[in-house]
Amino acid sequence: MEEQQDFVKEVTKMSDDFDRWYTEVVRKAEMADWSGVRGMMVVRPYGWAMWEAIMRAFDDMIKESGHENWAFPLLIPREFLMKEAEHIEGFAPEVAWVTKAGGRMEELEDPLAIRPTSETIIGAIIRRYIQSYRDLPKLTNQWNSVVRWEMRSRLFLRSREFWWQEGHTFHASAKEAIEEADLILRYYRSIAEDWLAVPVLAGKKSPAETFPGAVHTLTIEGLMRDGLALQMRTSHYFGQNFANAYDISFSNRENERELCHSTSWGMSTRLVGAVVMGHGDDSGLIVPPKVAPIQVAVVPIFRDDAGRSKVEAFIDGWAPQLKAAGIRFRVDWRDERPGDKYAHWELKGVPLRLNVGGRDADAGQVEMVDRLTREKVAVPVAGIAARLSAELEGFQKKLFERALKFQRDNTFELETLDEVIAHYREKGGFVWASWCGDTDEEARIKTESGGVTIRVIDEETKPSGKCLVCGEPAKFRVALAKAY
RNA sequence: CGGGCGGUAGCUUAGCUCGGAAAAGCGCCUGGUUUGGGACCAGGAGACCGGAGGUUCAAAUCCUCUCCGCCCGACCA
């Protein structure tokens, strides 16, 4: 982490206490808050706007590849939930149930689960709409919120209710379903890297970390600035497990009944937390331009009414160009002093700030300040929209490169469990190692290291040498990390 | 869900040990002077002290229960 001057004074320094820093930034940047009901989050406009940008980007991607949005019910009958044994076993501890309803709080005959995810109800319903191979693939998605009864919560990262999209697709062949899960993982990677500027490791989860009921789970894992990994979403291939449990079948060309192959995949408001933790600094947020609710903050500077009129007229001269260029900007006319406004927009992580005073008006220029480098440069107003667009693009790129450098500087290659344990006593980051594939040994890594887990299996690269735990020939190359 | 700590104005807290008219700073509102990195003066609004019950002539303060938050752990696909 770079040295920073104390530009913003109202947040705990990241280096002093990362967790406190995180909570203070999220709240003081007006992104989210607690609601008074335990674990239930309020997402405020500044945080929600980032989520909206993510939603739009992802929604465009999946529409392009033929997915359709649906709305399935919030409440799930118990018998629907119970059908896939592994799935329900995995989710049982965090399901909330509606057991009473109505003015007299009458006990329901059959309790209804509040969806923790919708595989079960979609499976139970979608079978109606799938009869022939001609109905396949069925590519569904829904934007909604789900409830998981978590015991410990953090804003955006883990709350009892969170907002996400859940995609559920049904295919005629295993190959097609596997390709679907791969495709979605590529989309997720693009959201993380191209939109949020957070570089990720992509790969397969170990069997112990695989989604309940899935054949395999794919994941993207980002590295936060405190050195902990964050699972930034997953994509699952179910084989025929759900199709079997819910009898989702179709007639093939030969008029034989076959079970569908299915997938599911989800991406949540947790990503907003990844933006905070992946880019922030001691002064607060740094928001990637592509998802920034405000990309450019304009701070007018003047002494008196005459000065104000002059600056206002000057800004009015070129602001419409920014609007026309689709730049999300705000002119800060609040009755505050410039220094307050600087700190305010820095805390909120607005990529570019324009300081505009009488001297600038005379010179036909503005002072542009970069939130990342804090460099100040004079920018002529002639051609300002094109210049700012280019600067924002450059900012997005710089932010990604900085995060990529951070990730590389914090990625290591080790051979034995002892080395891994010693490493995580000192620092964080990713550690690549080789593993034989034994689940008990995987559990040993976690217990003996104090929480280090296998985050990703890299299937592209052959493992070198021996398993870090048992020393037998390795089958997998894996990335280890402590994670959120 | 266990262990520890906390909840008093929008925020941060003092007051609680030892019961006896609810305070401060910041923020907010009004007016004025100000404004290129965080101003100042004057006036003002704002709190049933998280909630319920109890002890007492009297409770922010003592007791019980409960809700919410923070830290640690378990759990977290």
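So you know, we letter chains A, B, ... as the sequences are listed, proteins then strands, and number each from 1. Values reported hereafter were calculated over all heavy atoms of this structure, with side chains retained and with hydrogens, waters and symmetry mates removed. Worth saying up front: this structure is predicted, and the values here are computed from it rather than measured.
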Asker: Just compare G36(B), G37(B), U34(B) and give me whichever is closest to any side-chain atom of Asp335(A).
Answerer: U34(B)
Asker: In whole angstrom, give the distance that lies between atom CG of Asn355(A) and atom P of G36(B).
Answerer: 11 Å
Asker: Could you tell me the Watson-Crick or G-U partner of C1(B), where both distances fall under 3.5 Å? Say none if there is no partner.
Answerer: G73(B)
Asker: How does protein contact run along nucleotides 72-77 of chain B, one letter per nucleotide 5' to 3', with B for base contact, S for sugar-phosphate only, - for none, heavy atoms under 4.0 Å?
Answerer: BBB-BB
Asker: In the strands shown, is A58(B) matched to any nucleotide by a Watson-Crick or G-U wobble pair with both distances under 3.5 Å, and which?
Answerer: none
Asker: Regarding Arg477(A) and the six-membered ring of Trp432(A), is the cationic atom NZ or CZ under 6.0 Å from the ring centre and inside 45° of its axis?
Answerer: yes
Asker: On a whole-Å scale, what distance lies between the P atoms belonging to C67(B) and G51(B)?
Answerer: 15 Å
Asker: Which value, in whole Å, describes the distance between the C1' atoms of nucleotides G20(B) and G25(B)?
Answerer: 27 Å
Asker: Using atom CZ of Arg337(A) as one end and atom P of U34(B) as the other, report the distance to the nearest whole Å.
Answerer: 11 Å
Asker: From CD1 of Ile301(A) over to C1' of U34(B), roughly how many Å is that when rounded to an integer?
Answerer: 14 Å
Asker: Taking the ring of Phe242(A) and the ring of Phe170(A), is the distance between their centroids below 6.0 Å?
Answerer: no
Asker: Does the G37(B) base have a donor-acceptor partner in the side chain of Lys376(A) within less than 3.5 Å?
Answerer: yes
Asker: Any side-chain donor paired with an acceptor under 3.5 Å for Asn144(A) and Trp164(A)?
Answerer: yes
Asker: How close or far is atom P of U34(B) from atom CZ of Arg308(A), stated in whole angstroms?
Answerer: 16 Å
Asker: We want to know whether Glu346(A) and Ser283(A) form a side-chain donor-acceptor pair, criterion being a heavy-atom distance below 3.5 angstrom.
Answerer: no
Asker: May I ask you to test the Tyr342(A)-Arg353(A) pair for a side-chain heavy-atom distance under 4.5 Å?
Answerer: yes
Asker: Is there, by distance only and without an angle test, a donor paired with an acceptor across the side chain of Asp340(A) and the base of G37(B) below 3.5 Å?
Answerer: no
Asker: Quick one: the side chain of Arg303(A) and the base of U34(B), do they pair up donor-acceptor inside 3.5 Å?
Answerer: no
Asker: Mind listing the N/O atom pairs, protein and nucleotides 66-69 of chain B, below 3.5 Å?
Answerer:
unit_1 : atom_1 : unit_2   : atom_2 : d
C68(B) : OP1    : Arg38(A) : N      : 3.4
G69(B) : OP1    : Gly39(A) : N      : 3.2

Asker: Can you check the distance between C49(B) and G6(B), where both ends of the measurement are the C1' atom (answer in whole Å)?
Answerer: 14 Å
Asker: For the residue pair Asp226(A) and Tyr484(A), confirm or rule out a side-chain donor-acceptor distance under 3.5 Å.
Answerer: yes
Asker: Any side-chain donor-acceptor pair under 3.5 Å between Asp332(A) and Trp345(A)?
Answerer: yes
Asker: Find the partner of G27(B): check Watson-Crick (N1-N3 plus N6-O4 or O6-N4) and G-U wobble (N1-O2, O6-N3) distances, both under 3.5 Å, and reply none if neither fits.
Answerer: none
Asker: For Arg44(A) and G10(B), what is the distance between atoms CZ and P respectively, to the nearest whole Å?
Answerer: 15 Å
Asker: Is there a side-chain contact between Arg371(A) and Phe395(A), using heavy atoms and a 4.5 Å cut-off?
Answerer: yes
Asker: What is the pairing partner of C48(B), taking Watson-Crick or G-U wobble pairs with both distances under 3.5 Å in any strand?
Answerer: none
Asker: Both distances below 3.5 Å, Watson-Crick or wobble geometry, any strand: find the nucleotide opposite G6(B).
Answerer: C68(B)
Asker: Take the protein atom CD of Glu336(A) and the nucleotide atom C1' of C28(B), then report the distance between them rounded to whole Å.
Answerer: 11 Å
Asker: Determine the contact category for Gly358(A): base if any of its heavy atoms lies under 4.0 Å from a base atom, sugar-phosphate if only primed atoms, P, OP1 or OP2 are that close, otherwise nothing.
Answerer: base
Asker: What is the pairing partner of C40(B), taking Watson-Crick or G-U wobble pairs with both distances under 3.5 Å in any strand?
Answerer: G32(B)
Asker: Output, in order, the C-alpha distance, side-chain angles, deciding distance and verdict of side-chain hydrogen bond (donor to acceptor under 3.5 Å, both in side chains) for Thr263(A) and Thr169(A).
Answerer: CA-CA 5 Å; Thr263(A) 77; Thr169(A) 69; 2.5 Å; yes
Asker: Let me know the distance between CG of Asp33(A) and P of C70(B), rounded to the nearest Å.
Answerer: 11 Å
Asker: Kindly state whether the ring of Tyr46(A) and the ring of Trp48(A) have centres lying under 6.0 angstrom apart.
Answerer: no
Asker: Distance only, no hydrogens: is a donor on one side chain within 3.5 Å (strictly under) of an acceptor on the other, for His67(A) and Glu180(A)?
Answerer: yes
Asker: Write down the distance separating the P atoms in C40(B) and C26(B), rounded off to the nearest Å.
Answerer: 8 Å
Asker: Go through the N and O atoms of the side chain of Arg353(A) and the base of G37(B), and report whether any donor-acceptor pair is under 3.5 Å.
Answerer: yes
Asker: Please measure how far the P atom in G19(B) lies from the corresponding atom in A60(B), and state the result in whole Å.
Answerer: 13 Å
Asker: Would you indicate what Asp360(A) reaches in the nucleic acid, counting non-hydrogen atoms under 4.0 angstrom: base, sugar-phosphate, or nothing?
Answerer: base
Asker: Let me know the distance between OH of Tyr342(A) and P of G36(B), rounded to the nearest Å.
Answerer: 7 Å
Asker: Identify the nucleotide, in any strand shown, that forms a Watson-Crick or G-U wobble pair with A21(B), with both distances under 3.5 Å; if there is none, say none.
Answerer: none
Asker: If I pick the P atom on A52(B) and the same atom on G44(B), what distance separates them, to the nearest angstrom?
Answerer: 32 Å
Asker: Rounding to the closest angstrom, what is the interatomic distance between G50(B) and U61(B) at atom C1'?
Answerer: 16 Å
Asker: Work out how far the P atom of G46(B) is from that of G36(B), and round it to whole angstrom.
Answerer: 34 Å
Asker: Can you give the donor-acceptor pairs under 3.5 Å from side chains of residues 299-309 of chain A to other protein atoms, not counting sequence neighbours?
Answerer:
unit_1    : atom_1 : unit_2    : atom_2 : d
Asp304(A) : OD1    : Ala306(A) : N      : 3.3
Asp304(A) : OD1    : Gly307(A) : N      : 2.7
Ser309(A) : OG     : Asp305(A) : O      : 2.9

